[in-house]
Amino acid sequence: MSSNTTSSVPSVRSTVHGYPRIGPRRELKRAEEGYWDGTVTARELDAVAADLRAGALDQLREAGVDDLPSNTFSFYDGVLDTAVLFDLVPSRFTSPAAAEDRQEYLRRYFAMARGEQGAPPLEMTKWFDTNYHYLVPELSPNVRPRLVGDKPVAEFREARAAGHHTRPVLIGPLTFLLLSKAAEEAPEGWQPLELLDQLVEAYAQLLGDLAAAGATEVQLDEPILATDEGRARSAELERVYRNLGGVTERPSMLVSTYFGSIGAEALRVLKGSPVEAVGLDLVTDDEGVEDLVKVSGLGSTRLVAGVVEGRNVWRTDVPATLARLGTVLGLTDELTVSTSCSLLHVPIDLDAENGLDPKLRGALAFAKQKAEEAALLGRALSQGTDAEKPGDGAEIPTFTDTRVRARLEALGPDATRRPEERGTSGRSLTTTTIGSFPQTPELRRARAAHRRGELPTEEYEALLRKEIDRVIALQEEIGLDVLVHGEPERNDMVQYFAEQLEGYATTQNGWVQSYGSRCVRPPILYGDVSRPDPMTVEWITYAQSRTDKPVKGMLTGPVTMLAWSFVRTDQPLADTARQVGLALRDEVADLERAGIRHIQVDEAALRELLPLREEQQQAYLDWAVESFRLATSGVAPTTTIHTHMCYSEFGTVVDGIEALDADVTSVEAARSRMELVRDLGERGYRRSIGPGVYDIHSPRVPSADEVEASLRLAVDHVDAGHLWVNPDCGLKTRGYTEVEQSLRNMVEAARRVRADLG
């Protein structure tokens, strides 16, 4: 496009769907955790939040973004915020809306997320196919949605006072209800969607309040439309936006979709509805543009084109994207360039990284840089490339390892098979933990000092061995059956391995929110993967030398290594997964040779990477299962292979879980009330299962009676000889006081149930 053609080009604006909220130095994490432990006041916590909101808007404005979003901040999770906003609070909690002051409001809000004594928290699961978690609302016919909060209005006014006219962002009513679950007291067969009309009435009131406050546009996120379930709800979609469109005084509405195409039928419904704009993910697949063609374009409905990838860290190929947008321009009368989804899934600012290889760094873009890309694309379309010539998209500096590829080519079919007849995996109700133990402040400080070169390696490793001694002795004293070494040497279950594998790079400040105050630094997988040296053998064998009880070797599986990394895009994920699986196979073999007879290969993200559309799921499960079996199938029949999965809806991947052929599978079950155990029992699952009976994402200590009740429910569905007893997940984020008591209660509950079973 040249400048002499710009007169025929409509004005093109830029925006983003959302922005990270944790702060450049994880200020939100530190403030929240300080509030929870009583060292930060409610006023101080609110002040930090206000500074973070202001900083995000300033950064977007500096990036050149035209239209700024607000109400994308949350103290824990936007779905929880929506439930509180409309007073959809389970009866075991006192509604935050009824709080008499700010401190009490926050206490009740965080209780829903983290639980309190006598009130387990809301179930937590993955946000579609990402590593971000949301809290699952519990609804019933006994609740009536009503607008009781003003968070979207208050944050709009706050931004306006700072000189920013923003677009408040809301989770759409259809997505909110389809992500919710029926509460235990709901009648059998009742579904949250039955509250749709009442909820829409409450949204209508909110739209009126936003208009009265001066908002001219509101964004309603409906990512559920990218799923099969959402695509089947065209009638409800039409009803929602026909009714909201009929509100007399309201802002214009942008219905935003992402994580994949929504299909021509849903797009046709939105085009024919009163909504003024539709946001489409045009990065994930080619179907988004095809849908636009099928409905003959959007006409006067503005298209918000998600062409800057919001979930990966590679720079946008600007020339190719401009060409794509040139095609899209003919399918709408008005265009806004945007990210494919919220940028909360990527780190904040690449400028904070100075330790990356310059060639790799040149191929990257974090949230700030992606906002700049969206703004640049908007200007280029409006002004022509003579006004500002965008640079070419940098190539990913991948490298090929011919040895890795030759090894994979040489593998035969037996490489992913294990013998049917194997040794026993344990006694009835064998007790264990998932892997990590609390990482104390002293341990974290020592790791940081060692990384800075201030603590000699010999002293650091002596400290790690001392911590392993402590963890082993504690487990023996509590009475656990199969022990772990506690992972004191590990910073993160993916990053630790990425730092030792070829083909990976790690960041210093590339933090991304996973849930609440929990942040991770996903590594960058950019080349062929191999394992130069053993990664865990030294620490596991040291732990085994300190006890006569078996100690598990702990590894992170290939699918999870991909899901929680930013992965190269120049080859299929299946090929990359096989490379990681082969590297882990070498580690598994070394652990077995060292005498370790229980080896756990965590696939916490197996469900997470499952495609949202059923037609694509089996192909994914095929390569996901193959990569796991490649990592684990070289062991003797007497070696027990474990795996672990957490915080996802696993019902749709039960066949995949069984196909992994692990001897023991431990799963999250405390918050989901043993749902997966029931699913596995009904399907005749033939291996052992370890349902989590202790929710480690809550500070509350479950009583022995509570754990016993969970175990008895599990025994109703799975033979006790195939049951293990363990927490939901690793214990690194908890403190020793609560962990010790929780594990004692867990062991006592197992003893009681085992005694009754004879």
Side-chain angles (χ1 to χ4, degrees), residues 13-29 31 48-79 81 127 130-132 134 151-152 155-156 158-160 162-171 217-221 223 254 256 258-259 279 281 283 304 306-313 316 336-352 364-378 509-516 519-520 522 566:
R13 298 182 66 79
S14 60
T15 192
V16 300
H17 281 90
Y19 206 67
R21 56 210 185 205
I22 58 176
R25 289 173 293 279
R26 293 181 293 160
E27 290 88 343
L28 181 60
K29 170 187 174 66
V48 170
D51 287 345
L52 292 176
R53 290 191 293 267
L57 291 173
D58 288 343
Q59 196 166 70
L60 287 172
R61 183 62 77 205
E62 292 168 5
V65 173
D66 297 313
D67 301 327
L68 308 184
S70 63
N71 197 45
T72 60
F73 176 85
S74 176
F75 278 119
Y76 210 95
D77 164 53
V79 179
D81 292 347
W127 176 250
T130 76
N131 189 33
Y132 177 77
Y134 76 95
K151 179 178 181 294
E155 293 188 13
F156 171 81
E158 176 189 66
R160 187 175 61 178
H164 303 295
H165 187 84
T166 61
R167 178 186 72 251
V169 178
L170 310 171
I171 293 174
E217 184 176 45
V218 63
Q219 175 180 321
L220 294 123
D221 284 355
L254 159 62
S256 179
Y258 40 86
F259 301 149
D281 178 350
V283 168
V304 178
V307 293
V308 175
E309 170 63 83
R311 295 174 57 181
N312 213 331
V313 293
T316 300
T336 297
V337 177
S338 184
T339 52
S340 63
C341 61
S342 171
L343 294 173
L344 70 85
H345 304 290
V346 295
I348 295 177
D349 189 1
L350 184 61
D351 292 342
L364 302 177
F366 291 178
K368 177 185 174 184
Q369 290 72 38
K370 288 177 181 293
E372 292 170 349
E373 290 177 338
L376 182 150
L377 289 164
N509 299 291
W511 296 102
V512 176
Q513 184 182 27
S514 179
Y515 63 87
C519 301
V520 295
F566 297 119

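Nothing fancy with the numbering, it's 1 onward along the sequence.
Atoms OG1 and CG, from T336 and L377 in turn, are 12.5 Å apart once rounded to the nearest 0.5 Å. Distance check: E372 CD to L350 CG gives 10.0 Å after rounding to the nearest 0.5 Å. With values rounded to the nearest 0.5 angstrom, R53 atom CZ is found 9.0 Å from N71 atom CG. Atoms CG and OG1, on D221 and T72 in that order, are 10.0 Å from each other to the nearest 0.5 Å. Separating the OG1 atom in T339 from the CG atom in D281 is a distance of 9.5 Å, to the nearest 0.5 Å.
Closest of all the heavy-atom pairs between A371 and L60 is CB-CD2, 3.8 Å. When all heavy atoms of H17 and S342 are compared, the closest pair comes out as CB-N, 3.7 Å. When every heavy atom of P20 is checked against every heavy atom of L343, the shortest pair comes out as CG-O, 3.3 Å. Residues A159 and L57 come closest through the heavy atom pair CB-CD1, 3.6 Å. When every heavy atom of S74 is checked against every heavy atom of D81, the shortest pair comes out as OG-OD2, 2.8 Å. Heavy atoms only, all atoms of each residue included: S340 and G310 are closest at OG-N, 2.9 Å.
A162 is linked by a side-chain contact (heavy atoms from CB on, under 4.5 Å) to H164, counting only residues two or more places apart in sequence or in another chain. Qualifying side chain to side chain donor-acceptor pair (under 3.5 Å) partners for R21, counting only residues two or more places apart in sequence or in other chains: Y132, Q513. When the ring-ring contact (aromatic ring centres under 6.0 Å, His included) test is applied to F73, the partners found at least two apart in sequence or on another chain are F75. Residues satisfying the side chain to side chain donor-acceptor pair (under 3.5 Å) criterion with S70, sequence neighbours excluded, are T166. Legend: residues meeting salt bridge (charged side-chain N to carboxylate O under 4.0 Å, His left out) with D349, ordered by chain and number and at least two apart, are K368. Y76 is linked by a side chain to side chain donor-acceptor pair (under 3.5 Å) to nothing, counting only residues two or more places apart in sequence or in another chain. Residues meeting the side-chain contact (heavy atoms from CB on, under 4.5 Å) test with A56, sequence neighbours left out: Y19. With sequence neighbours left out, N509 forms a side-chain contact (heavy atoms from CB on, under 4.5 Å) with A352, E353. For D51, there are no side chain to side chain donor-acceptor pair (under 3.5 Å) partners, not counting sequence neighbours. With sequence neighbours excluded, the residues forming a side-chain contact (heavy atoms from CB on, under 4.5 Å) with P522 are V512, V520, F566, listed by chain and number. In this structure R311 satisfies the salt bridge (charged side-chain N to carboxylate O under 4.0 Å, His left out) test together with D129, sequence neighbours excluded.
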* Asked: Passes side chain to side chain contact (heavy atoms under 4.5 Å, CB included), V16 versus V308? Steps please.
  -> CA-CA 9 Å; V16 300; V308 175; over 6 Å; no

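Side-chain contact between I348 and Q59 is present, with heavy atoms from C-beta onward closer than 4.5 Å. Between P347 and V313, the closest side-chain pair of non-hydrogen atoms falls below 4.5 Å. Counting heavy atoms from C-beta outward, F156 and R167 have side chains that stay 4.5 Å or more apart. Looking only at side-chain heavy atoms (C-beta outward), T316 and V307 stay at 4.5 Å or farther from each other.
Under the 30°/60° scheme for interplanar angles, the aromatic rings of Y258 and W127 are found to be tilted.
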Could you list the donor-acceptor pairs under 3.5 angstrom formed by side chains in residues 62-69, with sequence neighbours left out?
residue : atom : partner : partner atom : Å
D66     : OD2  : S14     : N            : 2.9
D66     : OD2  : S14     : OG           : 3.2
D67     : OD1  : R13     : NE           : 3.0
D67     : OD1  : R13     : NH2          : 2.9
D67     : OD2  : R13     : NE           : 3.2

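K370 contributes a side-chain N or O that, together with a main-chain N or O of N312, makes up a donor-acceptor pair within less than 3.5 Å.
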